[in-house]
2 protein chains.
Amino acid sequence: MTGMGKKVDRRVLRSKEALKQALLRLMEQKDFDAISITEIVEKANYNRGTFYTHYENKEALLGDIMEDLIQDLMQSFRAPYEHQDIFRIDELTANSVQIFEHIYANAAVYAILLKSKVILSLKERMFQAIKQITMEELVYENTDNNINPELSAVYAIHALLGLIFHWIEGGFKYPPSYMQEQLILMINWRPREARTNHKRK
Amino acid sequence: MTGMGKKVDRRVLRSKEALKQALLRLMEQKDFDAISITEIVEKANYNRGTFYTHYENKEALLGDIMEDLIQDLMQSFRAPYEHQDIFRIDELTANSVQIFEHIYANAAVYAILLKSKVILSLKERMFQAIKQITMEELVYENTDNNINPELSAVYAIHALLGLIFHWIEGGFKYPPSYMQEQLILMINWRPREARTNHKRK
DNA sequence: TTAGTTAGTAGACAGATGTTGAATAACCAT
DNA sequence: ATGGTTATTCAACATCTGTCTACTAACTAA
């Protein structure tokens with residue numbers, strides 16, 4: 001699944017990589033919005049036209065950077081299951097905590113992306129990636145209740161990602177182990193009395 | 001809290017409103033990125049300089065539009081509690097379903113915003129607004145467990161918002177009542193066996 | 001109604017953007 | 001190594017951007 005594309009011209013690989021690195025380095029110094037395309041190509045030592053043959057705009061270039069991160073993340077997410085054919089939903093929640101370790105390992109890059117509002121697109125992209133995995137490869141056993149499987153996945157994944165990005169935005173205030181522990185606690189938590197009707201005073 | 005600002009020059013109100021409407025109308029026809037500031041002011045019949053006296057860029061104008069929506073949303077969110085001084089956490093979840101009704105009522109505007117990736121900022125802004133309410137005015141009773149209150153709020157709110165925006169993106173495939181029902185079901189759901197240790201085969 | 005304040009207009013400016021065409025250079029497959 | 005393909009360069013172009021100035025019009029408070 002990783003090497004499925006046809007061979008790419010080496011010039012393209014070089015150009016794109018140089019542009020990505022140039023943007024990342026610039027983003028360490030100034031805000032994404034304040035960076036011009038002209039600035040990027042000058043830092044990367046390429047012609048401005050070259051940029052436009054590969055990307056429509058700054059955002060597309062940044063999207064490419066994020067895609068690299070996503071691939072890395074997904075690999076670590078799938079890793080525990082690579083020997084098995086399928087996921088089991090009750091193992092998913094317990095193992096999704098592995099994501100915290102991955103994020104923590106790549107903390108530097110995430111910190112850079114955080115400075116712009118780009119991080120929102122990254123979150124969305126992560127959601128799509130994780131959802132695809134869970135919906136395609138997961139086995140849903142709890143067919144006894146009438147919970148919509150897709151909505152359930154949306155609910156759980158957004159909760160998880162919300163937790164992760166809150167953790168990133170807070171500058172990794174807690175260690176990964178604490179975040180994992182809290183996630184497990186909240187998954188197992190439910191309101192003191194389950195109510196379908198609610199009576200106001 | 002609503003009328004706390006000082007009186008604003010009527011010209012400002014007119015200009016800003018005209019610019020907002022112009023942008024919204026343009027966004028019905030073409031993508032946000034493809035709309036130029038020049039285009040906006042021409043549609044609104046104002047000088048380009050006028051735009052820059054009020055907004056830094058397109059995004060700021062759009063942010064203003066979203067802020068109006070947020071105010072509306074928060075009002076509907078607080079409405080059930082306006083007689084009480086405080087929220088109770090177990091009532092929050094049951095009553096947050098009111099949001100679905102609000103979204104459904106403003107479906108047209110949300111559909112327009114959906115076409116750009118602007119909707120991500122809106123989601124983030126909604127999160128901040130709801131979190132502020134829940135953290136400031138909510139009473140946390142469950143101090144017997146060791147769940148971090150802030151993380152718990154982050155978890156629950158992102159799950160809720162994830163559900164809402166999935167609903168929007170899907171073109172309101174289900175009625176509000178169904179979404180509310182599903183939300184309640186998922187809040188009360190927990191894994192078949194609560195485990196702190198997990199043993200792999 | 002008037003005086004003081006502020007918003008809006010018009011024009012000009014350097015720089016950035018997005019697109020194009022023609023020439024050159026680097027690459028890939030054979 | 002050669003030929004066909006494609007990336008890259010360079011220059012030029014109209015347009016948009018962001019900022020500024022001086023002038024005019026509209027608003028607010030008294």
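First the proteins, then the strands, lettered A, B, ... as listed; each starts at 1.
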Filtered N/O pairs between nucleotides 11-15 of chain D and protein, under 3.5 Å:
none

**Message:** What's the separation between atom CD in A/Glu59 and atom CG in A/Asp64, rounded to the nearest 0.5 Å?
**Reply:**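 Reported value, rounded in 0.5 Å steps: 13.5 Å.
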**Prompt:** About how many Å separate NZ of A/Lys131 and CD of A/Glu150, when rounded to the nearest 0.5 Å?
**Reply:**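 So the gap between those two atoms works out to 4.0 Å.
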**Request:** May I ask you to verify if any side-chain N or O of A/Arg10 is less than 4.0 angstrom from the OP1 or OP2 atom of C/dC28?
**Result:**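 It does, given that an N or O in the side chain of A/Arg10 lies less than 4.0 Å from OP1 or OP2 of C/dC28.
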**Asked** Do any side-chain nitrogens or oxygens of A/Tyr52 fall under 4.0 Å of OP1 or OP2 in C/dG18?
**Response**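 Answer is yes, contact under 4.0 Å.
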Do [Y] and [X] meet the salt-bridge criterion of a basic N to acidic O distance under 4.0 Å?
X       : Y       : result
B/Lys20 : B/Glu67 : no
A/Lys30 : A/Glu39 : yes
A/Arg48 : A/Glu42 : no

**Message:** Less than 6.0 angstrom separating the ring centers of B/Tyr46 and B/Phe51, yes or no?
**Reply:**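 No; B/Phe51 has its ring centre 6.0 Å or more from that of B/Tyr46.
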**Item:** Test side-chain contact (heavy atoms from CB on, under 4.5 Å) applied to B/Thr53 - qualifying residues, sequence neighbours left out
**Value:**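 B/Thr50.
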**Item:** side-chain contact (heavy atoms from CB on, under 4.5 Å) partners of A/Asp9, counting only residues at least two apart
**Value:**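 side-chain contact (heavy atoms from CB on, under 4.5 Å) list for A/Asp9, sorted by chain: A/Arg11, A/Val12.
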Can you check the [X] [atom1] to [N] [atom2] distance for me, whole Å?
X       : N      : atom1 : atom2 : value
B/Lys58 : D/dT17 : NZ    : C1'   : 11 Å
B/Phe51 : D/dT19 : CZ    : P     : 12 Å
B/Tyr55 : D/dG18 : OH    : P     : 15 Å

Would you be so kind as to tabulate the donor-acceptor pairs closer than 3.5 Å made by side chains of residues 154-167 of chain A, with sequence neighbours excluded?
unit_1	atom_1	unit_2	atom_2	d
A/His158	ND1	A/Val154	O	3.2
A/His158	NE2	B/Lys123	NZ	3.3
A/Trp167	NE1	A/Tyr174	O	2.8

Sort me out a list of protein N/O and nucleotides 22-26 of chain D N/O pairs below 3.5 Å, or just none if empty.
unit_1	atom_1	unit_2	atom_2	d
D/dA26	N3	B/Arg11	NH1	3.1

**Message:** Taking atom CD as the centre, does A/Glu56 end up with more than 12 heavy-atom neighbours from other residues, nucleotides or ligands that are less than 6.0 angstrom away?
**Reply:**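 No, because the 6.0 Å sphere around CD of A/Glu56 holds 12 heavy atoms or fewer from other groups.
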**For DNA chain D, the residues among residues 24-46 of chain A that have a non-hydrogen atom under 4.0 Å from it** =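 Contacting residues: A/Tyr46.
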**Message:** Please evaluate residues B/Leu185 and B/Gln182 with respect to the criterion side chain to side chain contact (heavy atoms under 4.5 Å, CB included), reporting the C-alpha separation (whole Å), side-chain torsions for both, the decisive distance (0.1 Å), and the verdict.
**Reply:** CA-CA 5 Å; B/Leu185 282 177; B/Gln182 287 290 313; 4.0 Å; yes
